[in-house]
Amino acid sequence: MTNEEEKQHKLDLRYMRMAKIWAENSYCVRRQVGALIVKDKMIISDGYNGTPVGFENICENEDGFTKPYVLHAEANAITKIARSNNNSNGATLYVTTSPCIECAKLIIQAGIVRVVYGEEYHLTDGIDLLRRAGIEVIYLDYKNQEQQ
């Protein structure tokens, strides 16, 4: 690993740990997911999975299934950018769980060029679509990495 690659790897680990901490803001019981969008070494947006603004902070129905209107962490981070004066062209998305296909479409349209994720989800269609679009996709097992 070159010096630049090592520096990037250390940054990736730090941002992933931050995304994991951000996930703790989620009220979802089944799975808490956090996302950060980073551009030029600055966090320009963040998100976690949860209900839309103004809704009760309950993600699961009485049967324990996720309500259909719960937003994914990636979607929250991307839509937050849309409400700001910033943009995500050329940015990196750090997300604690691999993106689904719906979030992958948003990632592509948002101009994000790199996705680093920390947990494999049982469906891979989102990751497959990102790769097909030429987006750099990196699985980073940050939980088993030495704290840096």
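This one's a predicted model, so the numbers in the text were calculated from it and none came from an experiment.
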Does a side chain donor of either N87 or K39 reach within less than 3.5 Å of an acceptor in the other side chain? yes
Residue pair E62, K67: steps toward the salt bridge (Lys or Arg N to Asp or Glu O under 4.0 Å) verdict: CA-CA 10 Å; E62 54 279 344; K67 293 178 180 178; over 6 Å; no
Minimum-distance pair of heavy atoms, taken over all atoms of [X] and [Y]:
X	Y	value
A35	W22	O-CD1, 4.2 Å
G47	A77	N-CB, 3.9 Å
A110	S88	O-OG, 2.7 Å

Taking atom [atom1] of [X] as the centre, report whether more than 12 heavy atoms of other residues, nucleotides or ligands fall under 6.0 Å from it.
X	atom1	result
F65	CZ	no
D63	CG	yes
Q109	CD	no
K7	NZ	no

Acceptor/donor pairs from residues 124-133 side chains to any protein atom, 3.5 angstrom cut, sequence neighbours excluded:
from, atom 1, to, atom 2, distance (Å)
T124, OG1, D128, OD2, 3.2

Taking the side chain as every heavy atom from C-beta outward, state whether [X] and [Y] have any pair of such atoms under 4.5 Å apart.
X	Y	result
I107	I78	yes
E74	E102	no
I44	V38	no
V95	V33	yes
M18	I43	yes
V115	I138	no
N49	N76	no
E136	V113	no

Report the C-alpha separation of D46 and I37 in whole Å, then their side-chain angles, then the decisive distance to 0.1 Å, and conclude whether the side-chain contact (heavy atoms from CB on, under 4.5 Å) test is met. CA-CA 6 Å; D46 53 59; I37 299 176; over 6 Å; no
At what distance, to the nearest 0.5 angstrom, does [atom1] of [X] lie from [atom2] of [Y]?
X	Y	atom1	atom2	answer
I135	I112	CD1	CD1	7.5 Å
K20	L36	NZ	CG	13.0 Å
L106	I101	CG	CD1	11.5 Å
H9	E6	NE2	CD	8.5 Å
Q32	Y27	CD	OH	10.5 Å
T97	E120	OG1	CD	10.0 Å

May I have all residue pairs that pass ring pair (Phe, Tyr, Trp, His ring centres under 6.0 Å) and include part of residues 91-121, sequence neighbours excluded? Y15-Y94, Y117-Y139
In one Ile/Leu/Val/Met/Phe/Trp/Tyr side-chain cluster, 4.5 Å: I108, I81: yes
Indicate yes or no: does E5 engage K10 in a salt bridge with an N to O separation below 4.0 Å. no
Salt-bridge present (R31, E119; N to O < 4.0 Å): yes
T96 side-chain N/O to G34 backbone N/O, donor-acceptor pair under 3.5 Å: yes
CA sep, side-chain torsions, deciding dist, call: D12, R114, salt bridge (Lys or Arg N to Asp or Glu O under 4.0 Å): CA-CA 11 Å; D12 289 347; R114 188 168 177 264; 2.6 Å; yes
